[in-house]
Amino acid sequence: MLELRDLYKTFNPGTVNEKRAIDGLSLTLEDGDFVTIIGGNGAGKSTVLNLISGAIPLDSGSICLDGKDITSLPEFKRAKYLGRVFQDPMMGTAATMGIEENLALANRRGARRGLRPGITSQERVRYREQLASLGLGLETRMTSKVGLLSGGQRQALTLLMATLKKPRLLLLDEHTAALDPKTADKVLQLTEEIVSRDSLTTLMVTHNMKQAIQYGNRLIMMDAGRIVVDIRGQEKKDLTVRDLLEKFNIENDRMLLSE
Amino acid sequence: MLANILGSLATVPGALPGAVAQGLIWGIMAIGVYITFRVLDIADLTVDGSLGTGGAVCIMLMLLGCNVWLAMLGAVIAGLLTGLMTGVFHTFMGIPAILAGILTQLSLYSINLKIMGKANQAINVDKYSLLVSLRWVRKAMLNNPLIMVAIIIVILIAFLYWFFGTELGSGLRATGANPNMSRAQGINTDLNKVLGLMVSNALVAFSGALLSQYQGFADVNMGRGAIVIGLAAVIIGEAIFGRIFRNFALRLLAVVFGSIIYYVVIQIVIQLGLDANLLKLLSALVVAVFLAVPYWKSRYFRRGVKVRKEAE
Ligand SMILES: Nc1ncnc2c1ncn2[C@@H]1O[C@H](COP(=O)(O)OP(=O)(O)OP(=O)(O)O)[C@@H](O)[C@H]1O
Ligand SMILES: [Mg+2]
């Protein structure tokens with residue numbers, strides 16, 4: 001359903017800071033795939049997700065979603081197909097707007113925004129239910145400004161916003177990395193629930209090898225802008241952290257630490 | 001000395017209606033500034049030019065025989081175009097917002113001169129049926145600027161309240177609040193910035209149209225320093241009413257109150273004998289200090305601010 005073909009991306013070309021972030025990367029996802037992506041700092045994980053979402057422009061290559069070439073669509077148009085949660089909890093929500101207003105914005109992703117009301121009372125009822133299902137007590141604070149929420153609450157809300165209108169593809173970029181372990185677990189659990197409930201095709205970047213093994217049906221490891229490991233099916237199911245470490249000789253401190 | 005001060009203060013009530021009328025008219029302009037500065041998070045300097053454009057277009061159309069409402073509509077359309085110009089400079093041509101505004105402002109100086117044919121165009125209140133005039137500021141009539149502009153402001157705020165509650169208006173607010181998130185939610189942030197700049201400058205030009213009628217002339221320099229007055233109104237309004245006015249419509253009203261307070265204070269200061277030539281310097285310094293307050297707070301009183309935020 002998603003097909004990345006020969007993606008290249010170089011930052012600051014022709015300067016001393018020239019950096020080839022993505023180096024001829026190709027990847028094909030099947031409908032319903034839940035892929036975890038690991039790799040050291042600077043491997044290019046975030047860049048891949050940003051290329052897919054159109055947040056940064058591609059140098060060359062093509063991106064097809066459901067057989068449709070979206071390579072030249074601007075970011076706001078691709079948003080129709082994509083749900084995104086970022087590493088930084090500040091990034092996915094509008095802090096000065098209310099919780100329900102943020103949800104109403106997300107509910108109109110991909111639709112024309114005209115002069116109809118920005119939020120209706122039926123929507124409020126629905127949002128209240130959906131917020132209650134997060135189990136964070138947000139349903140009683142519907143009009144509170146999002147800026148008053150904790151990082152974990154904001155990430156849970158962003159996740160809800162990303163999936164409120166079912167996306168074709170869910171992009172999660174270390175969306176639990178900024179949270180304390182307990183909150184991170186909670187948000188991951190929510191992620192798992194929502195992804196399996198709606199059978200969403202998902203790309204999830206993580207630094208935690210345990211998570212990468214525990215979640216999803218396919219695991220990808222990136223290094224220097226390429227995919228160096230791609231494990232799926234039974235092999236993925238049987239995978240242990242030790243296997244990964246041994247097999248691929250990982251020498252990344254951050255990954256070892258989070259084992 | 002004291003008797004002197006008291007003596008000059010005694011003349012203030014007489015000058016008050018004029019100051020309030022000016023405050024009301026500039027309040028519309030300040031609402032425009034609020035939309036760019038607070039909602040869109042852009043400091044738009046176009047306003048120094050578009051205020052004059054509104055005045056020039058309105059006066060010239062009336063001199064050509066247009067009905068006053070038609071002339072005002074012309075001013076609003078001209079204002080929309082000035083916002084479009086800055087918006088295109090900023091989004092399509094990638095010029096930083098402040099610079100984009102300065103470029104438009106500068107070109108509007110020529111354009112305003114061209115519209116009027118000279119630097120100043122007067123309109124005779126006896127020969128043309130104006131909407132407001134400073135002559136009527138003490139008269140018990142609908143065309144008393146205090147009444148007329150107040151009614152117009154209520155209608156404008158009601159319209160803006162509705163607009164910013166629509167899907168389009170919400171998208172505009174989101175664009176200012178978090179452009180990243182907005183694009184991720186499918187909002188065309190460039191388009192929304194242009195739209196916001198257009199709406200803002202339409203209000204500013206509308207205010208300019210009223211102002212030129214009120215004072216009986218349009219002048220190529222009438223908008224000089226308008227951005228500072230607009231910011232002063234926004235800041236004063238927030239400082240005094242920010243804690244009690246939470247609703248969007250009330251926030252806009254606070255901006256108008258801020259503008260009125262600004263003009264009343266200026267009036268008092270002038271009556272006390274301050275050199276009128278120093279006014280702009282004074283306004284600029286006051287605005288500078290108020291703009292610095294949030295920065296100082298975050299820098300030197302970080303904890304205090306945080307605690308208060310959580311208490312809310
Ligand atoms: N906007 C940018 N400008 C310049 N270089 C960039 C930019 N974004 C990323 N890079 C560089 O591209 C490379 C890949 O970055 P990317 O953020 O994709 O890595 P990552 O795998 O997400 O790493 P991390 O685990 O630290 O998040 C890095 O070397 C980074 O320095
Ligand atoms: Mg990253």
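We name chains A, B, ... by the order of the sequence lines, and we start the count at 1 in each one. In what follows, every heavy atom counts, from backbone to side chain, and hydrogens, waters and symmetry copies are set aside. Remember, predicted model here, so these are calculated numbers, not experimental data.
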*Heavy-atom neighbours of A:Lys165 NZ exceed 12 at 6.0 Å*: yes
*Taking atom OH of B:Tyr161 as the centre, does the number of heavy atoms from other residues, nucleotides or ligands within less than 6.0 Å exceed 12?*
no
*asked:* Report which part of A:Arg78 has an atom under 4.5 Å of a heavy atom belonging to chain B: side chain, backbone, both, or neither.
replied: neither
*Atom CZ of B:Phe248 with >12 non-hydrogen neighbours under 6.0 angstrom*: yes
_Portion of A:Glu75 that has a non-hydrogen atom of chain B nearer than 4.5 angstrom_ = both
*Among B:Gly171, B:Ala174, B:Gly169, which has the most heavy-atom pairs under 4.5 Å with chain A?*
B:Ala174
*For residues B:Gln185 and A:Ala79, report the shortest heavy-atom separation together with the two atoms involved.*
C-CB, 4.1 Å
*Answer with side chain, backbone, both or neither: which region of A:Met91 has an atom nearer than 4.5 Å to a non-hydrogen atom of chain B?*
both
*To the nearest 0.5 Å, how far apart are CZ in A:Arg84 and CG in B:Asn180?*
7.5 Å
*Which heavy-atom pair separates A:Thr96 from B:Ala177 by the least distance, and what is that distance?*
OG1-CB, 3.4 Å
*Shortest non-hydrogen contact from A:Arg112 to B:Glu167?*
O-OE1, 3.5 Å
*Please name the pair of heavy atoms, one in B:Leu168 and one in A:Leu115, separated by the smallest distance, quoted to 0.1 Å.*
CD2-CD2, 4.2 Å
*Give, for atom CZ of A:Arg113 and atom CG of B:Asn192, the distance between the pair rounded to the nearest 0.5 Å.*
8.5 Å
*Proximity breakdown for A:Thr93 and chain B, heavy-atom pairs closer than 4.5 Å*: backbone
_Interface moiety of B:Phe163 toward chain A, non-hydrogen atoms closer than 4.5 Å_ = side chain
_Can you tell me how far apart CZ (A:Arg116) and OG (B:Ser170) are? Round to the nearest 0.5 Å._
12.0 Å
